2 protein chains.
Amino acid sequence: MLTKSSTELVRQRNSVLVLSVLRRHGALAHTEISDFTRLSSATISAITTELEKAQIIEKSEQQPASGRGRPRVLLRQRRDCGYLIVVIISSDAVQYSLVDYAGKLIDRFSEERSHDPAGAARFVAAVRAGLSRILDRSKISQEKVLLISISSKGLVDSTEPVLVWSPIFGSDQIDFESALRPEWQAKVILDNETLLVAAALGAREEMVKGADFRSLAALSLGHSVGLGIVRRGNQAGQEISAPNFGHMLHMANGGLCRCGTRGCIEAYAGFYAILRSAFEVPLDTIPAKFVPVAELDKIAAKARQGHRVPAFAFRQAGLALGNGLSRMLSLTERMPIAITGPGTRYYDLLRQGIEEGLGQSHIVRMEGMPEIRVVADEQILVFEGHLNRALSVIDEDIVLSGVQGIQASATIQESG
Amino acid sequence: MLTKSSTELVRQRNSVLVLSVLRRHGALAHTEISDFTRLSSATISAITTELEKAQIIEKSEQQPASGRGRPRVLLRQRRDCGYLIVVIISSDAVQYSLVDYAGKLIDRFSEERSHDPAGAARFVAAVRAGLSRILDRSKISQEKVLLISISSKGLVDSTEPVLVWSPIFGSDQIDFESALRPEWQAKVILDNETLLVAAALGAREEMVKGADFRSLAALSLGHSVGLGIVRRGNQAGQEISAPNFGHMLHMANGGLCRCGTRGCIEAYAGFYAILRSAFEVPLDTIPAKFVPVAELDKIAAKARQGHRVPAFAFRQAGLALGNGLSRMLSLTERMPIAITGPGTRYYDLLRQGIEEGLGQSHIVRMEGMPEIRVVADEQILVFEGHLNRALSVIDEDIVLSGVQGIQASATIQESG
DNA sequence: CTAAATTTCTCGACTGTCGAGAAAAAAATC
DNA sequence: GATTTTTTTCTCGACAGTCGAGAAATTTAG
């Protein structure tokens, strides 16, 4: 359904555009903003003075004039305009980061996760404690926290910040919105971890290729298997999704998965699955909850020495991944695939299987093998994805709901 | 990448909005348009007088005034504003329809398809002849044809009107744009047939549910298997895709498919595959090019009588479909599935397999079985989808490129 | 024939963007 | 040191869009 357009909408959009350009390129002068946005100088003046009055951006102090002519006045986001808390939930710890509106990291710490299975309620309490702690340490008032951005492995609701299924809590749903609501007024968003990796890689790719960038998939290999897809929307921005790839059906009535279903991709390609297969344990054995990476390293070493059974385990994992990816490609357009996560260290062992699995489908035979690249530093990408997404959400919120409101409250503060 | 907004863009969008409302609800009065679009009466005046001057819409002749007060002046699209040719390519015929700008069918005929395999070049020539013929019969000048909307089964490029792969021509690509270009100036669009079915069903659903509508998949069963997905975009309009579902991998190293690959869904669920399986022909036999439906009806009759082998053939087909759908649902959100096409007459035999196949995946076990409905009249839906899509494309094109241009040429015509 | 009802049209106010040129401010030149 | 050049920022008037209010048009009810 189309909706009506109006002149105020135009201003809103262009304001968001200015903020996003500022975010992408750092502090910029009037003229540069005009170049990037293709808006006229007059419009930039109008928008920036408005944003400055609303205390969202500020003129940076004079830098030593580099050329001749009137020295440029750089504009940048005000750091103290608002803050963002990033919560990264991984299998053994939760990391809290406090970031200012300019994207600068202010404080960070990790807390170990209790591995007790009684956990969903207790876990929520731990997160609330962690959030309080990072706020206390920095002496920032709670109203200044505009957004809490959370990530986890598992399946996330597409509209609400609800963790629908996760490797740790299973089907014990966690609704972060209602869990934090009375205490925190900040908006809460929740994303799948691999989705953020894909978002970060997509943003990097768009920086390089510009309008040529079309789409990209990120495959994260580890204890579980995650997939994120970024696609360039037809209108504006990117469209991101994190399907339930790890638990897509690989083979009917196949090996038993941690989720209780048989034949999931993860039941062949997750770390525990490779271990199970390497030790020739029956495929319907309930899999280990947690597998030390050192254990897998040993198996990989044997496989590299030419032992048949461990090599076969990795090959089977590769096949499951390859078949799954080929199925994804049957449902989407052709796109490059970036492999991340701790499992990349075994890529040499997985590769042949992945390629063979991919090659078994019509689409790949027709369009050719997709480009596959291995990308390290998954943790950095997750955080980068958090920032990309969260800060642009903040920008939009500030402009949409905010400019007048904030302006008003600002003048009250000034008069007080 | 965001782009700048301007006041002219506002007018363009609102003009398109007015046209789309007119399209959805038929001839409307000033006030009604204002109600539907939420634009003010003054704006409606401005836009409609502009569109009227440009000869895109017209005031309809007075109808007997129904209430008291000043009688309403109904506005509607001018029929002669432009024309659309719809070309529906099916396995045994090509249907040509000429439609005016108001969506009214003017002329239609079908031509049998020559079944010779040497066909891509000859087929293109036949289409060109068909297009000329429908134009000649109606005495409409070629410039008045604004759009040629083509549909076929098979895989279609996402940006260009290129048929990448089809059950009939295989990988002999057909580029309709360049095939028609010197002769026809009209824009050419090409869509997968099942995509149009999905689009039509999505539009119907949106009529009923309004903003509650989220997404829907259409599964077409016949000689080949097609899938179309409609999703409500986050901003405006619907997002439609037609994945290569029929040739998604069902089972590695499985039955031989018409496409030459092993293990495609179609190699289990296409009509020829059911036949092959019912006659217990080895799965690596090169499948029949074309299967008379009567033949399949016989097998279905036997299955319904309780014969094991034919019943098993349908069950296997259902399993392949169910597994495939479950994989799709692992990659998208939960959505209802509408089954169309000639294969719906065997739904009673397929159903159990489909449901079992769906139930084998984690996502379905977690979210529950998706709603499945059987929808007849696939042909009507295809045409409806053509109209929906094509006419809104025309509306956009007219407004975007057109209003001033057409207005100018209109004044020239008037003065001449 | 007049009043009421209903729809359409018009006018002035407001908010946007844009181009051009004025103003500002530092480096280069005489 | 005064002037010119160069570069950036700011400002002003023109133009395009939407909106609300009220005027104009036109039919029915009484």
Side-chain angles (χ1 to χ4, degrees), chain A residues 2-18 22 27-53 57-76 399-400 403-404 407, chain B residues 2-18 27-54 57-76 399-400 403-404 407:
Chain A
L2 303 170
T3 57
K4 74 169 178 177
S5 245
S6 64
T7 50
E8 295 101 80
L9 243 170
V10 169
R11 166 59 65 93
Q12 280 183 355
R13 280 175 195 275
N14 286 338
S15 297
V16 170
L17 178 61
V18 167
L22 232 42
L28 291 179
H30 196 102
T31 353
E32 293 170 313
I33 298 177
S34 171
D35 288 349
F36 282 127
T37 59
R38 307 200 155 277
L39 290 165
S40 77
S41 164
T43 306
I44 301 297
S45 277
I47 290 176
T48 52
T49 55
E50 194 182 54
L51 291 175
E52 205 187 339
K53 271 201 190 121
I57 62 173
E58 63 187 353
K59 293 197 170 99
S60 91
E61 62 282 8
Q62 305 293 47
Q63 42 167 27
S66 57
R68 65 177 172 183
R70 179 171 173 175
R72 24 181 65 180
V73 178
L74 297 187
L75 297 166
R76 66 153 66 105
V399 169
L400 254 66
V403 176
Q404 306 89 328
Q407 195 167 356
Chain B
L2 304 169
T3 56
K4 73 169 178 177
S5 247
S6 63
T7 50
E8 294 102 80
L9 242 170
V10 170
R11 167 58 66 90
Q12 281 183 356
R13 280 175 196 275
N14 286 338
S15 297
V16 170
L17 178 61
V18 167
L28 292 179
H30 197 104
T31 1
E32 294 170 313
I33 299 178
S34 171
D35 287 349
F36 282 126
T37 59
R38 307 198 155 281
L39 290 166
S40 78
S41 163
T43 306
I44 302 297
S45 278
I47 289 176
T48 53
T49 54
E50 193 183 53
L51 290 176
E52 204 186 341
K53 272 203 189 119
I57 63 173
E58 63 187 353
K59 293 197 171 97
S60 91
E61 61 283 7
Q62 304 292 52
Q63 45 169 23
S66 56
R68 67 177 172 181
R70 179 172 173 175
R72 19 180 69 181
V73 178
L74 297 187
L75 297 166
R76 66 153 66 104
V399 169
L400 256 64
V403 176
Q404 307 89 328
Q407 194 169 355

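Order of the sequence lines fixes the chain letters, A, B, ..., with proteins taken first and strands second; residue numbering starts at 1 for each chain. Both backbone and side-chain heavy atoms feed into the values below; hydrogens, waters and symmetry mates do not. The model shown is predicted, which means the values in this text are computed figures rather than measured ones.
- One atom, CD1 of B/Ile44, and another, P of D/dG17, lie 14 Å apart when rounded to the nearest Å.
- Taking 4.0 angstrom as the limit, B/Arg11 places none of its side-chain polar atoms (N or O) nearer than this to OP1 or OP2 of D/dA16.
- In this structure, A/Ser5 and A/Glu32 both approach DNA chain D, and ranking their closest nucleotides by distance from the 5' end singles out A/Glu32.
- In this structure, B/Glu8 atom CD and D/dT18 atom C1' are separated by 14 Å, rounded to whole Å.
- Residue B/Thr49 is out of contact with every strand shown, counting any heavy-atom pair closer than 4.0 Å.
- Between A/Lys59 and the phosphate of D/dT9, there is no side-chain N or O to OP1/OP2 separation shorter than 4.0 Å.
- Between A/Thr43 and C/dC18, a side-chain N or O to OP1/OP2 separation shorter than 4.0 Å is present.
- Comparing B/Ala46 and A/Ser41 against DNA chain D, the residue whose closest nucleotide sits nearer the 5' end is A/Ser41.
- For the pair A/Arg72 CZ and D/dC10 C1', the interatomic distance rounds to 16 Å; values are reported in whole Å.
- To the nearest angstrom, P of C/dT17 lies 14 Å from CD1 of A/Ile33.
- To the nearest 0.5 angstrom, B/Lys4 atom NZ is 7.5 Å from A/Ser40 atom OG.
- Distance from the side chain of A/Ser40 is smallest for C/dC18 among the nucleotides C/dC11, C/dC9, C/dC18.
- Taking only side-chain atoms of A/Pro71, from C-beta outward, the nucleotide of D/dT18, C/dT8, C/dA25 with the closest atom is C/dA25.
- Between the side chain of B/His30 and the main chain of B/Ser41, a donor-acceptor pair closer than 3.5 Å is present.
- Computed from coordinates, the A/His30 NE2 to C/dA24 P distance equals 16 Å when rounded to whole Å.
- Atom CD of A/Gln12 and atom C1' of C/dT17 are 16 Å apart (whole Å).
- Remark: A/Asn14 is not in phosphate contact with C/dG16, judged by side-chain N or O atoms under 4.0 Å from OP1 or OP2.
- If you check every strand for non-hydrogen atoms under 4.0 Å, A/Ala29 touches sugar and phosphate atoms only.
- For A/Leu39, counting side-chain heavy atoms from C-beta on, the closest listed nucleotide (C/dC18, D/dT9, D/dG17) is C/dC18.
- Closest to the side chain of A/Ala42, out of C/dG19, D/dT9, C/dC9, is C/dG19.
- Put simply, the side chain of A/Leu400 reaches to within 4.5 Å of the side chain of A/Gln12, judged on heavy atoms.
- Here C/dT8 presents its P atom at 11 Å from CG of B/Leu28, a figure rounded to the nearest Å.
- Residue B/Thr31 has a polar side-chain atom (N or O) positioned under 4.0 Å from OP1 or OP2 of C/dT8.
- Contact check for A/Leu75 versus A/Lys59: side-chain heavy atoms found under the 4.5 Å cut-off.
- For the pair B/Ile33 and B/Val18, the minimum side-chain heavy-atom distance is below 4.5 Å.
- The phosphate of D/dA16 (OP1 or OP2) has no side-chain N or O of A/Thr7 nearer than 4.0 angstrom.
- Across the protein-nucleic acid pair, A/Arg13 atom CZ and C/dT15 atom C1' stand 17 Å apart, rounded to whole Å.
- Candidate nucleotides C/dT10, D/dT9, D/dG17 were compared by shortest atom distance to the side chain of B/Ser45, and C/dT10 ranks first.
- Put simply, the side chain of B/Leu9 does not reach to within 4.5 Å of the side chain of A/Val10, judged on heavy atoms.
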